[in-house]
Amino acid sequence: MKVFNTLSGQKEEFVPRGDVVTMYVCGINPYADAHIGHAMSYIFFDVVRRYLEFRGYRVKHVQNITDIEDNIIAHANEQGVSVPELTQKYVERYDEDIEALNILRAHEYPRAMGEIPKIIEIVQGLVEKGFAYAVGGNVYFRVRNVPDYGKLSGRSLEQMRAGARIEVGADKEDPMDFLLWKEAKPGEPSWDSPWGKGRPGWHIECSAMSIRYLGEQIDIHGGGQDLVFPHHENEIAQSESFTGKKPFAKYWIHNGLLQMGADKMSKSLGNLITIRQALEKYSADAIRLFILSSYYRSPLTYSEETLEAAERGAERLLGAAAGRVPRPLGAKLEADTYRERFIEAMDDDFGTAQALAVIFEIARDINRADEAGMDVSDAQHTLRELGSEVLGLKFEFRVYKDDSFYAEYAHEIDMKWGSISTIIGDTRNSDDKAIKEAIDKVDSTLASLRDRTDSDMELKVFVEANIEAQKDLRDAYRRARQFQPADEIRNVLGELGVVLEDTPQGTIWKRKR
RNA sequence: GGCGACGUAGCCAAGUGGAUAAGGCGGGGGUCUGCAAAACCCCUAUUCGGCGGUUCGAAUCCGCCCGUCGCCUCCA
């Protein structure tokens, strides 16, 4: 299995350091809802973890929550709430997002606020070893004492010092020195430390959590490409200086960034779609397919058209994985070669795009073989296993949220139904008992739909009961070979956004996409 | 200014020296179906931003040019 390591700039054979693969992925700053760009990172690393486990590794996955820093304080002040109130709210919302996207929970989600003693211990250690110095209540990391500083991002101190945009802090020894501990201003959240009241700097919490929960050296450290410098570069410097052990992380894996139009999607640019907004329009499977359909290191551009395409793809996979008439006596569609090709693709630096191509081929061949009367149960099992276990697909239809489908349906059905009742009327006194009963059922579901109050929480139930009743009525007409009323019912439902499909297992209804 | 990535069909996107350039979406035609839908079958890049070069052979390597983007500052 090969993995691209940012540290070496090339693909390397993946050989973990011990029995358990230790993996640290940079997480959220909880002061706003996570957006699709975050989803890209977390879905990708979710697949990394799932694939490692699929290949038989045990994985320990830790993801930090940085719940104290400047932006958080600013947002809390703006909203007039305390920092813990703000962060708790967004951590909870993040948990919901993660679950909705079918991302496996990390084994630990340490929060910066809970790691202050470890952070102080590391800062103290760095000071004692000469890698850090205090100026007043601030403690800075002394970059020039680290000869290989810049090795991750491939730049030298000289290059960086020459950069025109680096501000020289008045009290820093070197413009590239960075803050480990920040003196608190009056009214800000703070903790006692050997340097007075203050809070952690911007990179130290990740070192502290990684060391505390995974050990001084780990296998995989991941995050978005925008974290390579300065965040991860500084993590390496402070961690390796503190422990005296190299490398801090054996494999550095960075995903490309999501583009929004011409720019990257980011909080600071404000050009973002949150995970929740996306989930109102697209299924989790479609979002995962969208993200996994390209190489993780390439940038990806958000577009409705591409998400919609992914949605249709997800529907096709679902169709192929869904139940079939069992054919135990038919020839078996073998699935081993697909599995081998899937593994081959994933082994090459998580080639999810090619792995997905294999997934779609399984789907096509299942449909084809099923039509030819073969037993496709093994292939379906493989499709579901690779799709859900490794790629994290749910194989569920899109869940429509926060739209007005049910209300509109309830509002319009009476009028629509009235317009076809003349056709129905001709058959109302039919001898066909099934048709008569089905008509009565439709009438009664319509009555209950009419009688409900607007505040009725059971709107969805009533609407679906009515759709079911109409579907059954149409089937009764079809069995009686009365196609005109049958087609009329289908047309009316179609105008209301409901599609009827006749399958070997009977007629099913779906929301129109 | 420095460092880096990318440019493949209408759209998304694999492939990175060799035999017919994956896969998805869309489009066209067909099979099936009472009619639809779904599914399946066929077609949809003689060509990989442009121009040169290396090679028996290049989308794949080298050079130049054009274009797009990221990082260098909080950021997945």
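Naming convention: chains lettered A, B, ... in sequence-line order (proteins, then strands); numbering from 1 in each chain.
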With the criterion being N/O to N/O and under 3.5 Å, what pairs connect the protein with nucleotides 27-32 of chain B, and how long is each?
none

Can you sort out the partners of [X] under salt bridge (Lys or Arg N to Asp or Glu O under 4.0 Å), two or more places apart, ordered by chain and number?
X: Glu389(A); answer: none
X: Lys332(A); answer: Asp375(A), Asp378(A)
X: Glu304(A); answer: Lys281(A)
X: Glu96(A); answer: Arg276(A)

Does any nucleotide pair with [N] by Watson-Crick or G-U wobble geometry, both distances under 3.5 Å, and what is it?
N: rG18(B); value: rC56(B)
N: rG26(B); value: rU44(B)
N: rU68(B); value: rA5(B)
N: rC75(B); value: none
N: rC32(B); value: none

Any residue meeting ring-ring contact (aromatic ring centres under 6.0 Å, His included) with His61(A), in chain and number order, not counting sequence neighbours: none
Any residue meeting ring-ring contact (aromatic ring centres under 6.0 Å, His included) with Phe290(A), in chain and number order, not counting sequence neighbours: none
Give each protein N/O atom lying under 3.5 Å from an N/O atom of nucleotides 33-37 of chain B, with the pair distance.
unit_1	atom_1	unit_2	atom_2	d
rG34(B)	O6	Arg478(A)	NE	3.3
rG34(B)	N1	Asp487(A)	OD1	2.9
rG34(B)	N2	Asp487(A)	OD1	3.3
rG34(B)	N2	Asp487(A)	OD2	2.4
rC35(B)	O2	Arg490(A)	NH2	2.2
rC35(B)	N3	Arg490(A)	NH1	2.9
rC35(B)	N3	Arg490(A)	NH2	3.2
rC35(B)	N4	Asp502(A)	OD2	3.0
rA36(B)	N1	Asp502(A)	N	3.1
rA36(B)	N1	Asp502(A)	OD2	3.3
rA36(B)	N3	Arg490(A)	NH1	3.0
rA37(B)	O2'	Glu501(A)	OE2	3.3
rA37(B)	N1	Asp502(A)	O	3.3

Other residues, nucleotides, ligands: >12 heavy atoms within 6.0 Å of Gln484(A) CD: no
Say you pick atom [atom1] in [N] and the same atom in [M]; how far apart are they, in whole Å?
N: rC74(B); M: rA22(B); atom1: C1'; value: 40 Å
N: rA59(B); M: rG49(B); atom1: C1'; value: 12 Å
N: rC3(B); M: rC43(B); atom1: P; value: 48 Å
N: rA76(B); M: rG17(B); atom1: C1'; value: 36 Å
N: rU44(B); M: rC61(B); atom1: C1'; value: 32 Å
N: rC48(B); M: rG15(B); atom1: C1'; value: 11 Å
N: rC40(B); M: rC25(B); atom1: P; value: 9 Å
N: rG24(B); M: rA14(B); atom1: P; value: 15 Å

Nearest-neighbour nucleotide for the His35(A) side chain, rC25(B), rC74(B), rA76(B) considered: rA76(B)
Of the listed nucleotides rA76(B), rC69(B), rA22(B), the one nearest the side chain of Glu361(A): rA22(B)
Aromatic plane relationship, Phe44(A) with Phe350(A) - under 30° parallel, 30 to 60° tilted, over 60° perpendicular: perpendicular
Looking at every strand, decide which applies to [X] at a 4.0 Å heavy-atom threshold: base, sugar-phosphate, or nothing.
X: Ala309(A); value: sugar-phosphate
X: Gln225(A); value: nothing
X: Asn367(A); value: sugar-phosphate
X: Gly223(A); value: sugar-phosphate
X: Gly27(A); value: sugar-phosphate

Please list every donor-acceptor pair under 3.5 Å in which a side-chain atom of residues 488-499 of chain A meets a protein atom from a residue at least two apart or in another chain.
unit_1	atom_1	unit_2	atom_2	d
Asn491(A)	ND2	Asp487(A)	O	3.4
Glu495(A)	OE1	Lys416(A)	NZ	2.7

Toward the 5' end of RNA chain B, by each residue's nearest nucleotide, Gly222(A) or Ala363(A): Ala363(A)
Toward the 5' end of RNA chain B, by each residue's nearest nucleotide, Phe360(A) or Phe45(A): Phe360(A)
Pairs touching residues 61-77 of chain A that satisfy salt bridge (charged side-chain N to carboxylate O under 4.0 Å, His left out), sequence neighbours left out: Asp70(A)-Lys182(A), Asp70(A)-Arg199(A)
Of all pairs that satisfy salt bridge (charged side-chain N to carboxylate O under 4.0 Å, His left out), the ones with a partner from residues 349-364 of chain A, not counting sequence neighbours: Arg341(A)-Glu361(A)
Derivation of the side chain to side chain contact (heavy atoms under 4.5 Å, CB included) call for Ile103(A) and Arg288(A): CA-CA 10 Å; Ile103(A) 292 168; Arg288(A) 294 186 78 107; 3.8 Å; yes
In whole Å, what is the span from the [atom1] atom of [X] to the [atom2] atom of [N]?
X: Leu227(A); N: rG4(B); atom1: CG; atom2: P; result: 20 Å
X: His254(A); N: rC3(B); atom1: NE2; atom2: P; result: 20 Å
X: Asn255(A); N: rA76(B); atom1: CG; atom2: P; result: 11 Å
X: Met260(A); N: rA76(B); atom1: CE; atom2: C1'; result: 16 Å
X: Leu152(A); N: rC72(B); atom1: CG; atom2: P; result: 13 Å
X: Leu257(A); N: rC6(B); atom1: CG; atom2: P; result: 14 Å

Look at the side-chain N and O atoms of [X] and state whether any lies under 4.0 Å from the OP1 or OP2 oxygen of [N].
X: Arg341(A); N: rA22(B); answer: no
X: Arg316(A); N: rG24(B); answer: yes
X: Arg155(A); N: rC71(B); answer: no

Cation-pi check, Arg316(A) onto Phe360(A) ring (under 6.0 Å, within 45° of axis): no
List every contact pair, protein side and nucleotides 13-18 of chain B side both N or O, where the distance is under 3.5 Å.
unit_1	atom_1	unit_2	atom_2	d
rA13(B)	O2'	Ser293(A)	O	3.3
rA14(B)	OP1	Tyr295(A)	N	2.5
rA14(B)	O2'	Gln354(A)	NE2	3.4

Validation row, ring centre Tyr94(A) to ring centre Tyr42(A) under 6.0 Å: yes
